[in-house]
Amino acid sequence: SQTIHQWPATLVQPVGSPLSLECTVEGTSNPNLYWYRQAAGRGLQLLFYSVGIGQISSEVPQNLSASRPQDRQFILSSKKLLLSDSGFYLCAWSYRTQGDNEQFFGPGTRLTVL
Amino acid sequence: QKEVEQNSGPLSVPEGAIASLNCTYSDRGSQSFFWYRQYSGKSPELIMSIYSNGDKEDGRFTAQLNKASQYVSLLIRDSQPSDSATYLCAGGTLNTNAGKSTFGDGTTLTVKP
């Protein structure tokens, strides 16, 4: 069976500090990978998606970046956090070959920027 | 106009009643539709997928799709307090390499015992 991991679960960071969130998927190969952010009481905002190693597409201009150094590893980074970066960050995966967009989410990281 | 819009809620129903959640989408190219359940403080969980016009039933859940009206709904029969959650509607396009979906803002359902 497939499993998706995210860490850390919660994070409190000062404004201007760097960020690194990691996501790994087990039990499948060549997944599509996604990073979303969810503000309180709101829906999901797609930040980045990746269809393969080193292939990153950005959906929203911001001070965040993403990388995919391995097939099942997806990293979200920032050099300097802003207050507006606070939120619930979710990593998700879908089957590349199926193309039907069923996405499966990790447990999420709750980030508070002070 | 948002690409995927859901009735704003919150929605409150008594235990045992039918809960009806609605969603409209603006992109006529959307071909795949999903309902996710999200408990407070948790990540979304996929509960239903629908790709063709009509109804799709899975236990107490029925998803309905009307592509002509660009309308998707989720019915929950015999609602239970454990169904209390936010329900997210999402739409996407089949057979794309990227597999992207667009999510609505969600409808919060409360089932009262």
Side-chain angles (χ1 to χ4, degrees), chain A residues 2-7 9-10 21 23 25 28 30-52 55-60 66 68 74 87-112, chain B residues 1-10 21 23-25 27 29-52 56 58 63 65 72 85-110:
Chain A
Q2 299 80 23
T3 310
I4 178 168
H5 303 278
Q6 280 187 252
W7 63 92
T10 60
L21 303 181
C23 169
V25 180
T28 189
N30 305 314
N32 291 331
L33 295 172
Y34 311 85
W35 278 112
Y36 290 90
R37 178 170 58 203
Q38 186 176 37
R42 300 299 304 275
L44 304 180
Q45 179 188 33
L46 180 62
L47 303 175
F48 301 94
Y49 66 92
S50 171
V51 299
Q55 300 180 62
I56 308 295
S57 296
S58 174
E59 289 292 295
V60 181
R68 184 171 177 173
F74 206 21
F88 191 36
Y89 286 82
L90 292 157
C91 180
W93 72 273
S94 68
Y95 288 103
R96 174 93 54 81
T97 54
Q98 236 164 268
D100 61 6
N101 305 341
E102 285 190 347
Q103 295 184 18
F104 305 94
F105 287 84
T109 295
R110 196 163 301 279
L111 172 66
T112 302
Chain B
Q1 181 188 6
K2 286 179 64 70
E3 289 188 42
V4 176
E5 294 205 44
Q6 299 185 237
N7 45 340
S8 57
L21 304 163
C23 173
T24 57
Y25 61 95
D27 182 2
S30 297
Q31 299 167 288
S32 54
F33 301 91
F34 310 94
W35 285 99
Y36 291 83
R37 178 177 61 201
Q38 186 174 24
Y39 292 115
S40 181
K42 302 296 186 182
S43 61
E45 171 194 14
L46 179 66
I47 55 171
M48 289 287 286
S49 306
I50 187 166
Y51 309 105
S52 304
K56 179 181 178 183
D58 184 0
L65 174 59
V72 189
T86 296
Y87 289 80
L88 302 170
C89 172
T93 307
L94 287 170
N95 300 320
T96 62
N97 197 33
K100 293 192 294 179
S101 291
T102 302
F103 286 78
D105 284 343
T107 300
T108 298
L109 170 67
T110 301

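Chain A is the first sequence line, chain B the second, and so forth, proteins listed ahead of strands; every chain is numbered from 1. What you see below is based on every heavy atom in this structure, not just the backbone, and it leaves out hydrogens, waters and symmetry mates.
The closest side-chain heavy-atom distance from A:Q2 to A:F104 is not below 4.5 Å.
Only the side chain of A:L90 comes within contact range of chain B, with at least one heavy atom under 4.5 Å from a heavy atom of that chain. For B:E45, no part lies under 4.5 angstrom from a heavy atom of chain A. No part of A:Q6 comes within reach of chain B, as not one of its non-hydrogen atoms sits under 4.5 angstrom from that chain.
For B:W35, there are no ring-ring contact (aromatic ring centres under 6.0 Å, His included) partners two or more places apart in sequence or in a different chain. Remark: A:F48 engages no residue in a ring-ring contact (aromatic ring centres under 6.0 Å, His included) (not counting sequence neighbours).
By the 30° and 60° cut-offs, the orientation of the rings of B:Y36 relative to A:F105 is perpendicular.
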